[in-house]
Structure formats: structure tokens, C-alpha cells
Amino acid sequence: MDITASLRQVKGVGEKTEQLFQKLGVYTVGDILLHFPRTYEEFPQIGSVTEDMQGKSMAFVGRLKTPALTRKGKRMEVTIATAFCDETPVECVWFRMPYLSKQLVVSEPIVFYGVLQQEGRKYKMEQPMCMSVEKYQALRQSFQPVYPLTKGLNNATVRKVLHTIFEDMDPEEDMLLPANICARERFPSYWIALQMLHFPNNFDELILGRRRLVYQEFFYYILHGFLQEAKEGSVTNPWHFSDTQRVEEVVAGLPFTLTKGQMETLHQIQKDLRGPWVTQRLIQGDVGSGKTIVAFLAMLDAIDNGYQAAIMAPTEVLARQHYESFLSLCETFSLPYPVVCLTGSMSAKERREAYACIADNSQVFIVGTHALIQDKVNYQKLALVITDEQHRFGVKQRERLAQKGGQPHMLVMSATPIPRTLAMILYNNMQISTIKDMPADRLPIKTCVIKENLRKKAYEMIAGQIKKGHQAYIICPLVEASDKTEAENVTDYVEKLRCYFEANVSVGMLHGKMPSAQKNEIMNAFETGEISILVSTTVVEVGVNIPNATVIMIENANRFGLAQLHQLRGRVGRGKWQSYCILMDQGNGEKITERLEVMNRSNDGFYIAGEDLRLRGPGDFFGIRQSGDLNFRIADIIGDADVLQQASVDVHRFLEDEANLDHYPQIKAHMARFEEENRLVL
Ligand code: ADP
Ligand code: MG
């Protein structure tokens, strides 16, 4: 079967199923093969029934002393049995499963698997799975994949389609990685590795299959970087910069003093602009470290020297915000340069005006989203290009913006802390600046993790901050109610909130499915203080800056990765006021709480990323993705750092030995496909 074939070609996939898959961006056989499990279900070791297992998922071996009984309830049949784990009785209840009373043989050892509950002194389990000890032990070896789904599509369907595809295919041995590397690492073929990832027979297979895919993703990424660099070489700096006073004047006139890190970074950029080569520089700085002002000053330097400068943001909200703040800076300092904004949601007329402004002004601040890389935009003398929150962009998009402008210097700004050694591999041809210090006036954010019982207290605390004239964010994972999960959704939440807060507290709602114009309106209202509480999905995660907001409450915090929580928390603590982060822990496992405790302990993005990794178990191998993973499909920069380093060494050596890829037709062909996406492809 051809990997480019549409899913409909797979036996058993009808039109309806195909449409559901399409909602997930899965169109072809190849797409579904790369639709990796979100996590795996595993079954716990058999344990004994004790008080501290209460509320947890567990398995025990029990024996019945009397047969199970089924009685007809009002609405359904209820089956009840008492299983003895040694001498401890556990009352088990099943609904609509009358056949169980025959299957559960008295005195036979049976494994019961479910959530252990305690009522008074009695233990209970509702709807436990039950099976023989042998069967359970076999099940424990295997991992059942759990996929990202959409309403109407379940795991069983995804598994079935994949099984069919794997059965139908008989692929040849691949040569996508050099043979000596595959031998050294004992890598399975690409095909087998995919199979191991979807349906691992045991944990070792999962690790090995995944490792091969991660390695391959890194290998091609690094190889691409090298080949690109070799092709382009160093480009002579075509721009002429002199030393103007303007940047210094603005720095001196700011309402705050730049931190040491900001100053150093700015000086490095100014030196780049005046250097012999066109440069690319990565600026790393934790959330709130003040990267935007550095970007503005660098752009001012370019514009003041007679050129255009552009900054591209990943979301409309963020682009708008940069636009507003640049406008106000230009006004404050009476800078004689226009600021132009270009986003996808603008009307045709507005867009035409923006194009004209870019075409007519050789000295202009250009702010926008992806719209900046469209064909219609004609830059002139674009000397500096900046991408903010760069991890949200593909390398392709970055390159396209650079290409449009001739040979601009490039800055990429990232709030995802990566250790320097790794950054040097991933951004092989880039200089690196790190802003380590936070602005001096900041107080560390106070964080607490709470359970449902303190909800009222949390709202009281938020109300207190609002009384003082501040604002609050509340983050929910979902846009609207879902039948798949219990997690909070913004739509219902706004309603619920009304009974906790006085009528004069205005509540706004924001999520990614809203039309852009409406999003902008809401963000503006929040910025001007018209809205006191903004109930939002994670769309506010990247970059949004409202210093007057002093509390962020995150619902179902246990569902978020730590890196993401850290980014969310970074929405507050952006002014001189004490700020707070309330993490609502709706999980019931101990592990999750332990993870959230990390947020309690530290405000340091580096430390948090490290702990996130340490606390990941095999089950959440894929469950928790670092945000800011450079768009890799499977590789995780921090978690797979060792693979990254190995791949880097290997690519070096490979290119030394085999400067000519023509000897490796498969690698060469695959490279061409890889370049399209810059992440794992089939
Ligand atoms: P990030 O690095 O997360 O993009 P921003 O650039 O949005 O952070 O800056 C956050 C806030 O800090 C902004 O309101 C900005 O004006 C302010 N800020 C930036 N630098 C300083 C500084 N040196 N001292 C005080 N406040 C600063
Ligand atoms: Mg920012």
C-alpha cells in the first residue's frame, strides 16, 4: 500500500471515519503512521488492598467465597460479588454485565483491576476488569496505545486502521540511516520502529523503536542544517550602519533601567549589524525577562540607519500587542518612523494600506504574523528580521521571511530555555545570547497548588486583587464541554463564575476558535482594564503582556506539562506588584501532585524543565510535551539530549567521510522530503 494513498483506500475505512481523521489532520496512510500515541495504557503490578491504595487504580488477586449475584435494578442489572484479597473483603459492583456471575468462579484466584474506594471501613470497586492471573500478567507486558482523538473517533478505531495498514505492508529494508550507525545502535528498520511505537510488545521495544525515530529526526535536522550552511556559506554584510545616538537616547529615557543581560544582548546585536557578515542570533530569555524592548531597540537601530526592520509573532494577539507597544514607544520618544501591522484577519483594504506603507517607506517598523511572508508583501532594504517565540515557527517560515528581504540579519527570540551545548547543535549557524537576569523591580511570583476544597478561598483571593485594581487570568484546558473528559471548559466556566463574583466584576472569555477580530476586541478590553477576569484557553500562553494582571489561576493544572505551566505563570509577575499563581489540582494520583509541587518550589524555567523530565514515567512518555520543542514530531530536545548529541557527532563524521550524498540515494531522496517539513517524515 502506498503511503500517499488516502485513508479511504484502507480496508474498513468509510467516508465518515475518513472525515473524522481529517479533523485531526490525518489524510493519508503516511499521516496516520505518524499520528503517534499520546500515551500508553499500562496495567499496574498486582498489589494488596490497603488503606493507602484508596482512590487509586490498582489490581489485586481476590477469591469469592460465595457466588456473585445479579439483580434487576430499576434501570439496569447490577452484579455484586465480594472478593477476598487474603482476608480483606472488597465489594465489587458491575452494571449491565449479568454474564459475570457465571464467569466468576468461587475460590478461583481472579485479578480485579479498578479504582479502590473506601466507604466507612468497607472497600469497594466499581466496574473492575476481572480476568485470570495469567491473562493479566500477559497484558502487563504490552502497552495499549492511546491516541489524540476527536469527538466520534475512538482508540479502538485508530488501532484497527493501523493494524490493517501494518498487516498489508511488506516493506523492504530501508537505508535511511547509514548502515554502520544502524548496526552500532542495533536500530530496527524505520518500518519496524514505527510498528514498535504504535504496538510495542514490551517496554524495551517501545524505547528502542522510539529511539530510532528520534535519532532519525535529529539526524536529518542536523544534516539539513549543515548542507544549508555549506550551500549558503558566509554572506558579506550588505548593510551599512553608523553609530547613531538614537538608541542610546531611548535607552536613557525608558522608565526602567535595562538589565545587564538586556544591555549585553543589545550590544551584541549592534555589533552584528556593523560586522563583516550577515548574522543569525538566537536570544534566549525566560518569560518576563524583557525581550520585546531589546527587539524594539535593535529594530530602531536598523531603521535609524535608513532600513526597514520586521518582527513576526506567532499569534494575532501577540502581533497586535507588539504593534501597540511600538506605537506608544514611537510616540513617547517622538520617533519620526511609522509602525505598520500586518495580520491575516485584516480586511482587504487594511491590508492594501499596509502593503503600500511597506512599499513606500524605507524606514518603518513592521509588525505582523505569518502574513508577513506572503507574496504580496514587497520589502525594500529590509535589514533586520526578528521572529518572536520562534519555536512556534517552522524553519521554513523563518527562512522565507529572510529570503523575501534579500539578506537581512536575523534574530530569533525564544523563552524556552535550552542548555547552551544543545542550542549550539540545534542552531548550528547561529550566535547565542542569553538574558539571564530578571528586571530588578520584580517580586518572585507566589505559587500554590490547591485541591477543589479551597476553590472558594481562591476566588476570594482573586476578588481581593480585583478590589485593589488588578486583573486576573483563569485558564481552562477546553473551549467547550466534551464527553471525553471532565476538564473545565471556558464556555461553561464563565457562567459558573458569575455566582462567585459580584455583578460589577466583568468577566471576559477568550479561546482559539473565536474569530480574530473578536479575540483582538477581548484582548483590548482586558488591556484597558474593562475586563477584570479573563477566562481563557492556553491561547494566552505565548508572550501576552498585561503587567496589571497579578493572579493566574490554572484549572486542571495536572493536565498541563510543567514547561507549559511555567509559560502560563509567566503571564503574571510582569509589573512591580506581588503576583500569584494558583494551580488547581484535579488529578487523583500522587505523581501529578508531586509534579505540581515543582512549580511551587521554583520560578526558574531551566530547573523546571529538568524536573519535568525527572518525574516523567514510562506512561507519560509522550503525554507531556515540552512546549517549545522546535516543532519536532517525536524528538524532545531536553529529554532526548543524549540522542541529539550522538546524532550531531555522527553527522559530522558522516559528512567528513562521505561528502557526496550521491552514494546514498535513499538518504538524498529522503532529505528532499524532509526539507519540506523539517521534522520526521515518511
Ligand atoms: P518577554 O521576555 O517574556 O517577552 P516582555 O518583553 O514582554 O517579556 O517584558 C515584560 C514586561 O517587562 C514588559 O511590560 C516590559 O515593559 C517590562 N520590562 C522589560 N525590561 C524591563 C526592565 N529592565 N525593567 C523593568 N521592566 C522591564
Ligand atoms: Mg515575549
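Every number for a ligand or one of its atoms is a count from 1 in the order of the listing. Just the heavy atoms: all of them, side chains too, but no hydrogens, waters or symmetry mates, feed the values below.
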Which residue and atom name correspond to the protein heavy atom nearest atom 17 (C) of ligand 1, and how close is it? Arg442 NH2, 3.4 Å

Give yes if a backbone or side-chain nitrogen or oxygen of Asp441 is under 3.5 Å from a nitrogen or oxygen of ligand 1, and no if not. no

One residue to check: Ile435. Relative to ligand 1, which of side chain, backbone, both or neither has a non-hydrogen atom less than 4.0 Å away? neither

Nearest-contact summary for atom 8 (O) of ligand 1 - protein heavy atom, Å: Gly290 N, 3.4 Å

Euclidean distance, Glu217 CD relative to Arg679 CZ, rounded to 0.5 Å: 7.5 Å

Please determine whether any non-hydrogen atom of Ser289 lies less than 4.0 Å from an atom of ligand 1. yes

Do the ring planes of Tyr459 and Tyr493 sit parallel (below 30°), tilted (30 to 60°) or perpendicular (above 60°)? perpendicular

Can you list the ligand 1 atoms lying under 4.0 Å from a non-hydrogen atom of Val287? 3 (O)

Any side-chain donor paired with an acceptor under 3.5 Å for Ser242 and Asn305? yes

Any atoms of ligand 1 less than 4.0 Å from a non-hydrogen atom of Thr257? List them with their elements. 22 (C), 23 (N), 24 (N)

CG (Leu583) and CZ (Arg569) are apart, to the nearest 0.5 Å, by 7.5 Å

State whether the shortest distance between N or O atoms of Gly285 and N or O atoms of ligand 1 falls below 3.5 angstrom. no

Using a distance-only test with no angle check, is there a side-chain donor-acceptor pair under 3.5 angstrom linking Asn237 and His409? yes

What protein heavy atom is closest to atom 20 (N) of ligand 1, reported as residue, atom name and distance in Å? Gln262 NE2, 2.9 Å

Does some non-hydrogen atom of Met413 fall short of 4.0 Å from ligand 1? no

Of the protein's non-hydrogen atoms, which lies at the shortest distance from atom 22 (C) of ligand 1, and what is that distance? Phe256 CD1, 3.3 Å

Under 4.0 Å from one or more heavy atoms of Thr259, ligand 1 contributes atoms 23 (N)

Can you see which heavy atom on Tyr580 is nearest to which on Val572, and at what distance? O-CG2, 3.8 Å

If you take the nearest heavy atom of each of Lys260, Gln284, Lys291, which one is closest to atom 1 (P) of ligand 1? Lys291

Among all the protein's non-hydrogen atoms, which is closest to atom 14 (O) of ligand 1, and how far away is it? Asn545 ND2, 2.9 Å

side-chain hydrogen bond (donor to acceptor under 3.5 Å, both in side chains) between Asn548 and Gln471, worked out: CA-CA 6 Å; Asn548 188 47; Gln471 291 160 281; 2.9 Å; yes

Taking 4.0 Å as the limit for heavy-atom contacts, which would you say applies to Pro547 with ligand 1: side chain only, backbone only, both, or neither? side chain

Quick one: look up the protein heavy atom nearest atom 7 (O) of ligand 1 and list residue, atom name and how far away it is. Arg574 NH1, 2.8 Å

State, without any angle test, whether Thr265 and Gln262 hold a side-chain donor-acceptor pair at a distance under 3.5 Å. no

One thing to verify: whether Asp301 and Arg274 come together as a salt bridge, which I'm taking to mean a side-chain N less than 4.0 angstrom from a carboxylate O. yes

Tested for side chain to side chain contact (heavy atoms under 4.5 Å, CB included) against Ile475, the lone hit among Leu565, Ile554, Val535 is Ile554

Any N or O on Gly288 sitting closer than 3.5 Å to an N or O of ligand 1? yes

Give the minimum heavy-atom separation between Ala354 and Leu342, together with the two atoms involved. CB-CD1, 3.8 Å

Checking a contact table here: which protein heavy atom is nearest atom 4 (O) of ligand 1, and how many Å away? Thr292 OG1, 3.7 Å

So which heavy atom in the protein is nearest atom 24 (N) of ligand 1, and how far is it from that ligand atom? Pro439 CB, 3.2 Å

Could you walk me through whether Asp304 and Tyr337 pass the side-chain hydrogen bond (donor to acceptor under 3.5 Å, both in side chains) check? CA-CA 9 Å; Asp304 210 40; Tyr337 311 117; 2.3 Å; yes

